[in-house]
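Only one structure is covered here, and it is reproduced in the block below.
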Amino acid sequence: MKTLNKNILHKLNSFTLVFSCFTLWISGFLSTEAEGILSYALILSIGVVHGANDVSLLLKDKKESSLKEILKIIFIYVVVVLGTAALFFNFIAMATLLFIILSGYHFGEQHWAIRLEIRKKFKYIYHTLYGILIFSLLFHLNETESIAVIQDLTAVILPDNLFFYTSIASGGLVILFCSYFYIYIHRKWQFWLQELFFIAVIALIFKTASLIWAFAIYFIIWHSLPSLLTQLIHIYGKAEKDYLKAYVKSSLLYWIGAIVFLLMLFYFLQDYHKLFISILVAFLAAITLPHAIVMTRMFTHKKR
Ligand SMILES: CC1=C(/C=C/C(C)=C/C=C/C(C)=C/C=C/C=C(C)/C=C/C=C(C)/C=C/C2=C(C)CCCC2(C)C)C(C)(C)CCC1
């Protein structure tokens, strides 16, 4: 998959910024409870749907998509999800750390793969660093809440200021990489200034909103919707209303499967965690690995 066409990218950037401002504006009218409910509704609808078409994405490269082939992919996917969940609960602290790093890579890849072609030897490390910067800012700017959720999830009490230091370290490394990319790949200072502006907007959202609302805004507006657009272009060649309908239709069963899985996790884990958000993190951790693999395959498609 190539970087997005300039026109489409321009529209996507404008949409992302306008909607981010809109969500910040409406949060002024919402109570904390309403913000929480809206966040979970968005994460479990648009957020989960953006990963529910992974089977179609995998089948896209195959010549034939027989029922046997579909069932085989679903079987492997379910095994990876259950295996990750089992690993998560047996080594919860280590698994949470790995999950945050993998999520960083996945979020960084979605942001950059459509904007800039980076050579393989830098790509994985840079995408991961960028995502770690995003998570560090989210956790640092909502420090008390983040430390409480991580404690509820893993029983580990993190020191104050940890995320301040990870923000500085990842931010410094991202700036180093960007300076290199500016010199050797893309000598357009307007592009880099715009990226700096995006980081400032994201930090403002994280500072103003509660933890779950800030995460939901980033996850939906900055990650899931751009991912949906990229997937539509990859599967159908264009992002049009009818294709979106077809995408949602073919995602439906997998979406229901994922929600049933979340309900099962809730049933088994409710006595172990005080906060629902901890169960949500465990759920996302279990379904992220296969989804991240499918997305990396999609982004590297054209090189095969
Ligand atoms: C196909 C299929 C399916 C489905 C799937 C799906 C539906 C997917 C999705 C996917 C997805 C949908 C993904 C997502 C991702 C996400 C992410 C990557 C996130 C991350 C996050 C984070 C890392 C965070 C965290 C935190 C913490 C840690 C603390 C504080 C709070 C917070 C939350 C911020 C199933 C299973 C049924 C099976 C069959 C096949």
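Read the numbers this way: they start at 1 and go in the same order the structure lists the ligands and their atoms. Keep in mind the model is a prediction, meaning the values are calculated, not measured.
- When only non-hydrogen protein atoms are considered, atom 11 (C) of ligand 1 lies nearest to Ile287 CD1, 3.7 Å.
- Residues Asn142 and Leu211 share a closest heavy-atom pair of OD1-N, 3.5 Å.
- Under the 4.5 Å side-chain criterion, counting only non-hydrogen atoms from C-beta, Thr23 is not in contact with Ser27.
- Summarising the contacts of atom 32 (C) of ligand 1 with Ile147, Val281, Leu44, Leu97, the nearest heavy atom is found in Val281.
- Taking the six-membered ring where the residue is Trp, the centroids of Phe15 and Phe19 are separated by under 6.0 Å.
- Of all atoms in ligand 1, numbered sequentially from 1 with element shown, those under 4.0 Å from a heavy atom of Leu138 are 34 (C).
- Per-residue contacts place Ser103 under 4.0 angstrom from the following atoms of ligand 1 (heavy atoms of the residue considered): 18 (C), 20 (C), 23 (C).
- Counting heavy atoms from C-beta on, the side chains of Tyr218 and Phe206 come closer than 4.5 Å.
- Distances from atom 4 (C) of ligand 1 to the heavy atoms of Tyr218, Phe261, Tyr254 put Tyr254 nearest.
- For atom 31 (C) of ligand 1, the nearest non-hydrogen atom of the protein is Leu211 CD2, 3.7 Å.
- Distances below 4.0 Å separate heavy atoms of Ile74 from the following atoms of ligand 1: 39 (C).
- Of the candidates Phe107, Phe139, Tyr77, Tyr105, Tyr77 brings a heavy atom nearest to atom 40 (C) of ligand 1.
- The nearest heavy-atom contact from the protein to atom 13 (C) of ligand 1 is His291 CD2, 3.7 Å.
- Ranking protein heavy atoms by distance to atom 8 (C) of ligand 1, first place goes to Gly51 O, 3.3 Å.
- Val149 CG1, 3.8 Å is the protein heavy atom nearest to atom 29 (C) of ligand 1.
- Here CG of Asp54 is found 9.0 Å from CD1 of Ile287. Values are rounded to the nearest 0.5 Å.
- Protein heavy atom closest to atom 15 (C) of ligand 1, with residue, atom name and distance, is Thr288 OG1, 3.2 Å.
- Around the CZ atom of Phe164, the shell of radius 6.0 Å holds no more than 12 heavy atoms that belong to other residues, nucleotides or ligands.
- In Val48, the parts holding a heavy atom less than 4.0 Å from any atom of ligand 1 are both the side chain and the backbone.
- Considering only non-hydrogen atoms, atom 12 (C) of ligand 1 lies nearest to Gly47 out of Ala148, Gly131, Gly47.
- Looking only at heavy atoms of the protein, atom 38 (C) of ligand 1 is closest to Val78 CG2, 3.7 Å.
- Atom 24 (C) of ligand 1 has as its closest protein heavy atom Phe135 CE2, 3.8 Å.
- Salt bridge status for Arg115 with Glu195: present, with a side-chain N to carboxylate O gap under 4.0 Å.
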